[in-house]
2 protein chains.
Amino acid sequence: MEKVTRDEVLRLHAQICKALADPSRLWIIVELRHRSRTVGDLSRAIGASQPMTSRHLAVLREKGIVQAERDGSFVRYSVADRRVLTAVDLLLDVLTTQLARQGARSTAARRLRPALRSA
Amino acid sequence: MEKVTRDEVLRLHAQICKALADPSRLWIIVELRHRSRTVGDLSRAIGASQPMTSRHLAVLREKGIVQAERDGSFVRYSVADRRVLTAVDLLLDVLTTQLARQGARSTAARRLRPALRSA
DNA sequence: CGCGGACATACGCGCATCCGCATATGGGCA
DNA sequence: TGCCCATATGCGGATGCGCGTATGTCCGCG
């Protein structure tokens, strides 16, 4: 039996979140939602250099979020576990709710004092 | 109407993910799942210093993941949007699946060459 | 067998973030 | 009002991450 400590699980859990915590990588995930794409496709889609795109894909791959598959001289990437898409959607919903609620107000304005004053 | 660019949404979306991308903060969220807690409670629960705990809470608060409420001289924190809990659970499921599948093998071993060789 | 295209990786820099430590703020109570 | 407890914030050193540039590796093809 494998013994995995709670700290280790938390660390890995956080690493998965960290892999998602980048605008380019989120965009890549969005691009991969419906079909697999090659590195060049993704690079053009998200407007990043080929090396940078490859690097982002490596991060997602190492965390098991995305998987690679050879297709001739290309490499096609696809989402490895679609539950990640659901999770990303949920977090986007959370953001959308926030934006709808606070309208034009600055997100950075969410400091403590005003929050507590209102109570 | 509010005009929010796609880049801006991606940036904010990534920031929410980034707020979750820390073992201590994930642990805090777990602690807040069923009931609200004071800073001192959380500090003791996760084994972090009071200033560090407060700082983590500030990060979660600024991203709207957690909310603060005065209770006497204490401040009670609770989860602001429970969809975050669902998202975190999903990502934990993803991790659990990976751990179950790969057993004792190192997570870092998920490099490209082996993956492609197997195809 | 050598060439070119597609992709991955190494290196270095600039910048943001994390953490411990010290200190400030703010509310309750004598 | 002044003290104490709970919490928040400022600061500095160390670490990590995103990114551009240059180079390595693999594949298919002539």
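All chains are named by letter (A, B, ...) in the order of the sequence lines, taking the proteins before the strands, and each is independently numbered beginning at 1.
Here the shortest heavy-atom pairing between B:V9 and A:L95 reads O-CD2, 3.6 Å. Residues A:A45 and A:W27 approach most closely at O-CZ2, 3.5 Å, considering heavy atoms. Residues A:G64 and A:A80 come closest through the heavy atom pair O-CB, 3.5 Å. The shortest non-hydrogen separation linking B:E31 to B:R37 is OE1-NH1, 2.9 Å. In plain terms, the two heavy atoms of A:S49 and A:S43 that are nearest each other are C-OG, 3.6 Å.
In this entry the distance linking CZ of B:R76 with P of D:dA8 reads 13 Å, nearest Å. For the pair A:R70 CZ and D:dG28 C1', the interatomic distance rounds to 11 Å; values are reported in whole Å. Atom-to-atom, CD of B:E69 to P of D:dA8 comes out at 13 Å; the value is rounded to the nearest Å. Protein atom CG of A:L57 is 16 Å distant from nucleotide atom P of C:dA6, rounded to whole Å. Atom-to-atom, NZ of A:K18 to C1' of D:dG18 comes out at 14 Å; the value is rounded to the nearest Å. With rounding to whole Å, A:Q15 atom CD is found 11 Å from D:dG16 atom P.
Contact annotation: B:H56 side-chain N/O to C:dC19 OP1/OP2 distance is under 4.0 Å. For B:Y77 and D:dA8, the shortest distance from a side-chain N or O to OP1 or OP2 is below 4.0 Å.
The stretch residues 21-55 of chain A touches DNA chain C through A:T38, A:V39, A:G40, A:Q50, A:P51, A:S54, each having a heavy atom under 4.0 angstrom from the strand.
When the local axes at the two ends of the helix from C:dC1-D:dG30 to C:dA30-D:dT1 are compared, using 5 base pairs at each end, they differ in direction by 20° after rounding to 10°.
Side chain of A:S54 to main chain of A:Q50: no donor-acceptor pair is present (N/O by atom type, distance under 3.5 Å, no hydrogens or angles). Looking only at distances, a side-chain donor or acceptor of B:R25 sits under 3.5 Å from a matching main-chain atom of B:A19.
Inter-residue side-chain proximity for A:Q15 and A:E62 is flagged as unmet; no heavy-atom pair is nearer than 4.5 Å.
Here C:dA8 is the nucleotide among C:dC7, D:dC17, C:dA8 with the atom lying nearest to any side-chain atom of A:R61.
Using a cutoff of 4.0 Å between basic side-chain nitrogens and carboxylate oxygens, B:D41 and B:R35 are not scored as salt-bridged.
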